[in-house]
Amino acid sequence: MNKDKIFMNMALKQAQEAFDDDEVPVGCVIVYEDKVIAKAYNQVERLKDPTAHAEMIAITQASSFLKSKWLYGARLYVTIEPCPMCCGALILSRIDSVIFGAEDIKTGALGSKLNLNSLGLNHKIKVKQGLLKEDCSNLISDFFKKQRSLKKEKNLKANGQ
């Protein structure tokens, strides 16, 4: 198995932790010199913080590890295409590259919905998409199926059925 797949599988394990915590299952790892320096998953519900996305938490961890606001030479592996907030933070961090699994057609900011990387900002990220796409897509699809089922179950109970 190549290094990219190994690191994406680590991101998938983080996403599974989010799934198990009833968070939208997005996970990521940041790698520097082929060493994982940060790993995180979404914690929006747990922290009651709309900015507690996996990427944002991992950026903070990686910056702390490197003792720098810049993540030059680092790669982020994430299960779902980053949103505009996360993509903006990744550009500001000067991360070298982002490798993501599944596209996010509703909020993806590296090509699916919009492309912040094409705006000519002060840094351009190298992007690779589609790594373990099916595994990443299936996890998020399963999560939302589960959420819809739970909602339906609650509605039935509320209506006395």
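Residue numbers run from 1 in the order of the sequence given. Model, not experiment: these values are computed from the prediction.
Nearest heavy-atom pair across His123 and Arg94 is NE2-C, 3.4 Å. Across Ser137 and Ala102, no two heavy atoms sit closer than the pair OG-CB, 3.3 Å. Here the shortest heavy-atom pairing between Asp4 and Leu131 reads O-CD2, 3.4 Å. Shortest non-hydrogen contact noted between Val26 and Ala54 is O-CB, 3.6 Å. Annotation for Met8 and Ile99: closest pair CE-O, 3.5 Å, computed over non-hydrogen atoms. Closest approach of Cys28 to Ala58, counting heavy atoms only: SG-CB, 3.5 Å.
Checking side-chain atoms of Glu81 against main-chain N and O of Ser112 turns up a donor-acceptor pair under 3.5 Å. At least one donor-acceptor pair closer than 3.5 Å links the side chain of Lys48 to the backbone N or O of Glu45. Asn117 places a side-chain N or O within 3.5 Å of a backbone atom of Ile125 that can act as its donor or acceptor partner. Side-chain atoms of Ser93 come within 3.5 Å of backbone N or O of Leu90 as a donor-acceptor pair. Side-chain N or O atoms of Ser63 include none that pairs as donor or acceptor with a backbone N or O of Thr60 at under 3.5 Å. Between the Asn42 side chain and the Val24 main chain, a donor and an acceptor come within less than 3.5 Å of each other.
Not a single ring pair (Phe, Tyr, Trp, His ring centres under 6.0 Å) links Phe100 to another residue, sequence neighbours left out.
Between Met10 and Val36, the closest side-chain pair of non-hydrogen atoms falls below 4.5 Å. A 4.5 Å side-chain heavy-atom check between Lys113 and Ile105 finds every atom pair outside the cut-off. Side chains of Ile30 and Gln61 form no contact here, defined as non-hydrogen atoms less than 4.5 Å apart. The closest side-chain heavy-atom distance from Asp135 to Leu132 is below 4.5 Å. Residues Ser97 and Val127 are not in side-chain contact: their nearest non-hydrogen atoms beyond the backbone lie 4.5 Å or more apart. The closest side-chain heavy-atom distance from Thr79 to Pro25 is not below 4.5 Å. With a 4.5 Å cut-off on side-chain heavy atoms, Ile140 and Phe19 do not count as touching.
Two different hydrophobic clusters hold Val44 and Tyr41 under the rule that ILVMFWY side chains link at heavy-atom gaps under 4.5 Å. Both Leu121 and Leu71 belong to a single network of hydrophobic side chains, linked directly or stepwise wherever heavy atoms of I, L, V, M, F, W or Y lie under 4.5 Å apart. The cluster map of Ile, Leu, Val, Met, Phe, Trp and Tyr, joined by side-chain heavy atoms under 4.5 Å apart, puts Val29 and Tyr72 in different clusters. Ile57 and Leu92 are members of different hydrophobic clusters when ILVMFWY side chains are connected at heavy-atom separations under 4.5 Å. In the hydrophobic clustering of ILVMFWY residues, with side-chain heavy atoms under 4.5 Å counting as a link, Ile91 and Trp70 come out apart.
Heavy atoms of other residues, nucleotides or ligands lying less than 6.0 angstrom from NZ of Lys13 number 12 at most. The 12-atom threshold is exceeded at CG of Leu119, counting heavy atoms of other residues, nucleotides or ligands nearer than 6.0 Å.
Rounding to the nearest 0.5 Å places NE2 of His53 at 11.5 Å from CD1 of Ile59. Note that CD of Gln14 is 11.0 Å distant from CD of Gln16, once rounded to the nearest 0.5 Å. Atom CG in Leu150 sits 5.5 Å away from atom CD in Gln147 (nearest 0.5 Å). Taking CZ of Phe144 as the reference point, atom CG of Leu139 lies at 10.5 Å (rounded to 0.5 Å).
Taking the charged nitrogens against the carboxylate oxygens, Arg75 and Asp34 do have a contact shorter than 4.0 Å, which makes a salt bridge. Between Arg46 and Asp22 no salt bridge is recorded (no basic side-chain N to carboxylate O distance below 4.0 Å).
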Quick one, Gln43 with Glu23, criterion side-chain hydrogen bond (donor to acceptor under 3.5 Å, both in side chains). Give me CA distance, side-chain angles, the key distance, then yes/no. CA-CA 6 Å; Gln43 296 183 43; Glu23 296 277 357; over 6 Å; no
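Classified by interplanar angle (parallel below 30°, tilted 30° to 60°, perpendicular above 60°), the ring pair Phe7/Tyr77 is tilted.
For the residue pair Thr107 and Asp104, a side-chain donor N or O sits within less than 3.5 Å of a side-chain acceptor on the partner.
Counting Ile, Leu, Val, Met, Phe, Trp and Tyr side chains that sit under 4.5 Å apart, directly or through other members, Met56 shares a hydrophobic cluster with Met85.
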